[in-house]
Amino acid sequence: MRNLATIDTALDEMLVNLAAIVLRLSKPELNRTPEARRALAQSVHQYAVCAKRSSDPRVHELKAQLDETIKPSLRIVSINGVKVS
């Protein structure tokens, strides 16, 4: 049983490191093309699949941060002086 706990801890550490990499790659200047945005969304989705069973709160916090990176950004547009969001 101790081996399973060791493996679980190692997997959590790998997920934390992976999230850090994906977060660095999520910068807007690196995701200007539709292909890059699709690749980021796929990476975030794959991370979520792996993080689902983790009991490490860091993994879930990083998942939430990654989820935010793929949400579309909202812009405020003014049409004839009327703000539309």
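As a basis for the values below, the full set of heavy atoms in this structure was taken, side chains included, without hydrogen atoms, waters or symmetry mates.
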(request) Examine Ile21 and Leu30 and state if one hydrophobic cluster contains both, with Ile, Leu, Val, Met, Phe, Trp and Tyr joined whenever side-chain heavy atoms are less than 4.5 Å apart. (result) yes
(request) Indicate, with yes or no, if Leu11 and Leu4 share a hydrophobic cluster defined by side-chain heavy-atom contacts under 4.5 Å among Ile, Leu, Val, Met, Phe, Trp and Tyr. (result) no
(message) Can you tell me which residue among Leu18, Thr69, Val44 is in a side chain to side chain contact (heavy atoms under 4.5 Å, CB included) with Leu23?
(response) Thr69
(message) Under the rule for side-chain hydrogen bond (donor to acceptor under 3.5 Å, both in side chains), what residues qualify as partners of Asp12, not counting sequence neighbours?
(response) Ser54
(message) My understanding is that only residues two or more places apart in sequence, or in another chain, count here; which of them pass salt bridge (charged side-chain N to carboxylate O under 4.0 Å, His left out) with Arg38?
(response) Glu35
(request) With rounding to the nearest 0.5 Å, note down the distance linking OG1 in Thr9 to CG in Asp56. (result) 8.5 Å
(request) Starting at CG of Leu66, measure out to NE2 of His45 and round the result to the nearest 0.5 Å. (result) 13.0 Å
(message) Tell me whether Tyr47 contacts the main-chain N or O of Leu15 through its side chain, where contact means a donor paired with an acceptor under 3.5 Å.
(response) yes
(message) Is the shortest side-chain heavy-atom distance between Arg58 and Lys63 below 4.5 Å?
(response) no
(request) Please tell me if the side chains of Ile70 and Ser26 come closer than 4.5 Å, counting only heavy atoms from C-beta onward. (result) no
(request) Show the numbers, then the answer: is there a side-chain contact (heavy atoms from CB on, under 4.5 Å) between Asp8 and Ser55? (result) CA-CA 9 Å; Asp8 191 46; Ser55 60; 4.2 Å; yes
(message) For Glu61 and Gln65, which I'm curious about, is there any donor-acceptor pair between the side chains at under 3.5 Å?
(response) yes
(message) Check this for me: Glu13, atom CD, are more than 12 non-hydrogen atoms of other residues, nucleotides or ligands nearer than 6.0 Å?
(response) yes
